[in-house]
Amino acid sequence: MYSLAAHRFMFLTILLAFVSRSKAANAPSILMQDICKETAKSHGSYDDCVSALELDPTADSADINKLAKISLQLGISNTANTRNYIKKLLKNATPESQETLNTCLSSYVAATASFKSALSELGEDPLSANYDSLVAGDDVQACEDEMARNKAQIPGIITRNNYGKLYSAIAFVVTNHLPQIS
């Protein structure tokens, strides 16, 4: 007959095996881990990178080419969404915030265009895609610089700027690992 302690031990062993198995199943792929470790060296955190990429459920099983496409599509979506957010803010902007918001709107139009350009260059010119991925972050930084210059406190923009720069950093790292076409 098994004692109560033996039952508890078996129960805990089975529970620990289940928990460790489920954590392993949820771990990002080796490729995503490598990309996010490298991205975290220049921008954001490892966890922010993984969370950002996991917005696309296919990212975990993607190869480097697919992950480049995913990162750029997420960047396009993020900057286009922020551009639309700024357009809404402009409708009720105070005269003090209007200049800053117009600069940020232009910055996000440019950032979206940079991400789109990078996406279109993936298959034929990975080096240009890499450069345009980096430029998208510079475009977002222009909005942040304008806000700092004008000491603007605009709700939601700082967080959106951080995500725009994160997507740029991820796309830059991923496209930097693409094989070059001769």
Side-chain angles (χ1 to χ4, degrees), residues 15-83 85 104 107-148 156-182:
L15 180 64
L16 285 173
F18 177 75
V19 168
S20 66
R21 223 182 248 148
S22 68
K23 281 186 179 180
N26 292 332
S29 69
I30 298 296
L31 176 60
M32 274 181 57
Q33 289 177 35
D34 291 345
I35 294 298
C36 287
K37 285 176 189 172
E38 190 173 338
T39 299
K41 291 177 187 175
S42 66
H43 186 85
S45 73
Y46 172 85
D47 291 336
D48 288 344
C49 174
V50 170
S51 295
L53 287 173
E54 286 180 340
L55 290 174
D56 185 310
T58 65
D60 193 46
S61 60
D63 64 12
I64 192 69
N65 292 309
K66 177 70 175 162
L67 197 58
K69 185 176 179 182
I70 289 168
S71 68
L72 291 166
Q73 288 171 330
L74 289 168
I76 292 166
S77 176
N78 172 270
T79 55
N81 180 285
T82 300
R83 185 186 65 219
Y85 176 76
C104 286
S107 296
Y108 275 91
V109 166
T112 304
S114 293
F115 278 126
K116 286 181 177 180
S117 178
L119 183 61
S120 72
E121 296 160 342
L122 277 180
E124 56 202 47
D125 190 359
L127 192 58
S128 292
N130 182 248
Y131 176 77
D132 285 338
S133 298
L134 185 62
V135 169
D138 293 342
D139 295 331
V140 172
Q141 184 65 46
C143 171
E144 195 165 300
D145 292 346
E146 181 70 13
M147 288 180 65
I157 299 290
I158 293 170
T159 300
R160 290 168 184 269
N161 284 346
N162 287 335
Y163 278 102
K165 291 187 298 184
L166 175 63
Y167 283 114
S168 170
I170 294 168
F172 178 74
V173 169
V174 175
T175 57
N176 198 42
H177 289 279
L178 290 173
Q180 297 301 314
I181 299 171
S182 304

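When the side chain to side chain donor-acceptor pair (under 3.5 Å) test is applied to Gln141, the partners found at least two apart in sequence or on another chain are Asp145, Lys165. In this structure Tyr167 satisfies the side chain to side chain donor-acceptor pair (under 3.5 Å) test with no other residue, sequence neighbours excluded. In this view, Asp47 and Ser45 satisfy the side chain to side chain contact (heavy atoms under 4.5 Å, CB included) rule, not counting sequence neighbours. Listed by chain and number, the residues in a side chain to side chain contact (heavy atoms under 4.5 Å, CB included) with Ser51 amount to none (sequence neighbours excluded). Residues forming a side chain to side chain contact (heavy atoms under 4.5 Å, CB included) with Ser29 (at least two apart in sequence, or on another chain): Leu31, Met32, Asp60. With sequence neighbours left out, Ala40 forms a side chain to side chain contact (heavy atoms under 4.5 Å, CB included) with Tyr46. By the side chain to side chain donor-acceptor pair (under 3.5 Å) test, Asn81 is found to be paired with Arg160, residues two or more places apart in sequence or in another chain being considered. Scanning for side chain to side chain donor-acceptor pair (under 3.5 Å) contacts around Asn162 gives an empty result, with sequence neighbours left out. Annotation: salt bridge (Lys or Arg N to Asp or Glu O under 4.0 Å) contacts of Glu38 (sequence neighbours excluded): none.
Here the straight-line distance linking atom CG of Leu67 with atom CG of Leu72 works out to 9.5 Å at 0.5 Å rounding. For the atom pair CG (Asp56) and NZ (Lys66), the distance works out to 6.0 Å, reported to the nearest 0.5 Å. Here CG of Leu166 is found 9.0 Å from OG of Ser42. Values are rounded to the nearest 0.5 Å. Here the OH-CD1 distance, from Tyr108 to Ile157, works out to 6.5 Å after rounding to the nearest 0.5 Å. With rounding to the nearest 0.5 angstrom, the CG atom of Asn161 is 6.0 Å from the SG atom of Cys104. Separation of atoms CG (Leu53) and CD1 (Ile170) is listed at 4.5 Å; rounding is to 0.5 Å.
By the 4.5 Å heavy-atom criterion applied to side chains, Ile64 and Leu178 are counted as neighbours. When side chains are defined from C-beta on, His177 counts as touching Ile35, because their heavy atoms get closer than 4.5 Å.
Pairing each heavy atom of Ala169 with each of His43, the nearest pair is CB-CB, 3.7 Å. The minimum heavy-atom distance linking Ala68 with Leu122 is given by the pair CB-CD2, 3.9 Å.
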If you look only at distance, which donor and acceptor atoms sit under 3.5 Å apart when one is on a side chain in residues 126-137 and the other is two or more places apart or in another chain?
| unit_1 | atom_1 | unit_2 | atom_2 | d |
| --- | --- | --- | --- | --- |
| Ser128 | OG | Asp125 | OD2 | 2.5 |
| Asn130 | ND2 | Phe172 | O | 2.8 |
| Asn130 | ND2 | Thr175 | OG1 | 2.9 |
| Asp132 | OD2 | Ser117 | OG | 2.8 |
| Ser133 | OG | Ala129 | O | 2.8 |

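The disulfide (SG to SG under 2.5 Å) contacts involving residues 27-79 comprise Cys36-Cys49, where partners must be two or more places apart or lie in separate chains. Among residues at least two apart or in separate chains, side-chain hydrogen bond (donor to acceptor under 3.5 Å, both in side chains) pairs with a member in residues 71-80 are Thr79-Thr112.
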